[in-house]
Structures are given as C-alpha cells and as structure tokens.
Asker: 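First, the structure itself, so that you have it in front of you.
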Amino acid sequence: MDTATPPAKTPSPLPSKLAQQILAYIADNRVERDTHLGEEKLAAYLRVSRTPVRAALDFLAGMEIVEKRPNKGYFVKADPASLVAKPLVDENTEDLVYYRIVEDRLAGALPEKISELELMRRYGVTKSRLASLLRRMSQEGWIERLPGKGWEFLTVLVSEEAYDQMYQFRMLVEPAALLQEGYRLPPGDLARLRGLQQAMLDGGILRFSRAETFQIGAQFHETIVAGSRNPFFIDAIQRMNRLRRLLDYRAHGDRSRLVHTCKEHLELLDMIEANRLQQAADFLREHIDYERRIKVPLTRKNAAA
C-alpha cells in the first residue's frame, strides 16, 4: 500500500494576475474583437484549471475588456490594439527592494532608527539606489531623516486589528463629512475624480503599480471629505491614509475587488453631484464597510504571497 504523502496543491494564481496573462495572450496572438475565448484552451495554455480561468475572465468582463454571453462563453470586447498600447504591470519588475522594506517594516524586523550603511548592507543596494528609495519612502510619509545621521521610521498600522479599527473610524468620519452644513464638491474636483476612476476601469487596475492605485483611492476619499471645508475631518482622513499605506500595499496584491470599488466610487459621485447627500452618506458608510470586510483579511502575511 502506497503511504506516500500526496504532493501539495499549487495555489491558483490570483484572478487579477491570471487576467494579466490572458491579456498578454490576446495581444501576443493578435486575437481579434468578437473572438471566442475558450476556457479549456486558455487553461491548457496557462497550465491551470478552468476554475481560475473562469474567475479571471469574469474579472475582465467586469472591466468590459471581454464580454460574457449567456450559454456561449467569453468573447473579446476591447480593441486588442488598445491593449497592446497599454503595458501591464509585471510584479517582477516592480521595485522588489522597496516592497522587501515594506514587509520588513510590517514584520517589525527593522529598528525604529537606522543608518544608511545598515540599509545598504541589509538590502544589497548602492548608495544612489538607496537615496532614491529613501526619497520615495520620505515622500510617502513613513520615514524621515534624523537631525544628525540616519533615518527614523514613522508610525504606521502593522496589525490586522488596528487596520480593522481604522476602517471603523472611517465609517464614522467620512459619511459625517458629507452631512456638514454647506458641503460642496466643486465641478472640477468631480470631473477629476471621475476621470481617475474611469482610467482605472479602462485598464489602469491592471497597469498601475500598487503605489499608484493606493494614491488614486486615497485622493478620492480625501477629496470627498475636503468638500466639508472642515480641517479636522480633512486632517483625520489624511492621517489615516498615511498610517494605512503599507498594509494597503499588501492588500493590493489581489486587484479583483478594484472593479467593484471604482464602480461604487462613480455611483457616489453621481449622488453628490445630484446633492443627494444623505443617500451619499449612507452609501459611503456601506462602501467603506464592504472594503473593510474584503481588505482586512488580505493584510495577513500569507495573503501577500
């Protein structure tokens, strides 16, 4: 009797990652619009089962890149030429050292104060490369230069519990900002926010880096709150966005939820423009709660793998 331990199952790729591979397949093979995308053929090509392929195709359907037709399957909807012109994010080309520092900071593996020499030795980077990384981290607000030599990491959220509590705080503050007397979002801000959300739905979800997708989302919520003209509301949300940045980078490993997020952002803007502010406040509270329930589990270390 064979008592050998069966091999561990290989985890299925995240739908967003597999979607990138399907788009590359469409571009590389010059698949024309209205062409049927067979699940079995794609599964064989990508060396996965049909279930994750179907999930990835549903993801692309949500972005209106492919079309799901009842009882017929999936068909290319977008112009393939437009996909070729929009290169996708390749996780292997993102700044791996930067995200190693992010993970080490979240794990508590780095001291609060550290020298440039220590960082160069730990991550094997040159002085000029480190200077670029430190400049980026400083601009994002999670490290600052000490008066003498060295750098100090600033406070950020590092636990799942604190991340959840932050979302509960936002559920109170952001809807309340919409109900402040004299609330107003200028037409220019409405147009800018709409443009960014539409850019995400037009392919940015798969093309933009984790830092870019975070910034677009953070700016959306900060701008919504800024319509209250209350500096205390604005300061609170800006502080929350700074504190949550690193855990959000980890949660953004799976981008599947961003289609839903962007569509709800556009709905919210419609309510605000129509001055249906009580409806907008109720909608925003539910939207933040949905994000909380989806994203908090994604901040766990094993979700970043």
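Just so we're clear, the structure is a prediction, and the values are computed from it rather than from any experiment. Counting from 1, the numbers follow the sequence of the chain as shown. Just so it is clear, the values below take in all heavy atoms, side chains as well, and ignore hydrogens, waters and symmetry mates.
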Asker: Would you please test R105 and E112 for salt bridge (Lys or Arg N to Asp or Glu O under 4.0 Å) and show each step?
Answerer: CA-CA 9 Å; R105 175 67 178 128; E112 294 297 319; 3.4 Å; yes

Asker: So, does H265 use its side chain to make a donor-acceptor pair with the main chain of L193 at under 3.5 Å?
Answerer: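 Here the side-chain-to-backbone pair does not exist.
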
Asker: Taking atom types as modelled, find out whether S115 and E118 have a side-chain donor-acceptor pair closer than 3.5 angstrom.
Answerer: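 A pair is found: one side chain offers a donor N or O, the other an acceptor, under 3.5 Å apart.
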
Asker: Charged N to carboxylate O under 4.0 angstrom, D248 versus K295?
Answerer: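 Here D248 pairs with K295 in a salt bridge, since their nearest N and O are under 4.0 Å apart.
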
Asker: Is the shortest distance from a Lys or Arg side-chain nitrogen in R257 or E264 to a carboxylate oxygen in the other one below 4.0 Å?
Answerer: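 No.
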
Asker: Salt-bridged, R194 to D270, with N to O below 4.0 Å?
Answerer: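 Answer for the salt bridge query: yes.
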
Asker: Checking side-chain contact (heavy atoms from CB on, under 4.5 Å) between F59 and each of L18, L206, I65, which is the one that passes?
Answerer: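 Only one option passes, and that is L206.
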
Asker: Between E140 and R135, is the closest basic N to carboxylate O distance under 4.0 Å?
Answerer: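 Salt bridge absent between R135 and E140.
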
Asker: With no hydrogens and no angle check, is any side-chain donor or acceptor of R33 less than 3.5 Å from a backbone partner on K77?
Answerer: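 Yes, R33 side chain to K77 backbone: donor-acceptor pair under 3.5 Å.
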
Asker: Verify whether one side chain among R245 and Q215 offers a donor that lies under 3.5 Å from an acceptor in the other.
Answerer: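 Their side chains do contain a donor-acceptor pair, which is all the 3.5 Å distance test asks for.
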
Asker: So does L134 get a backbone contact from the side chain of S138, meaning a donor-acceptor N/O pair under 3.5 Å?
Answerer: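 Side chain of S138 to backbone of L134, a donor-acceptor pair under 3.5 Å: no, none is there.
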
Asker: Can you check whether H287's main-chain N or O pairs, donor with acceptor, with E291's side chain at less than 3.5 Å?
Answerer: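 No, the answer is negative, given that no donor and acceptor are paired below the 3.5 Å cut-off.
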
Asker: What residue pairs, at least two apart or across chains, pass side chain to side chain donor-acceptor pair (under 3.5 Å) with a residue in residues 227-236?
Answerer: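 Of all non-adjacent pairs touching residues 227-236, none passes side chain to side chain donor-acceptor pair (under 3.5 Å).
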
Asker: With a cut-off of under 6.0 Å to the ring centre and 45° to the axis, is R100 in cation-pi contact with Y123?
Answerer: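 Judged by the rule, R100 and Y123 form no cation-pi pair.
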
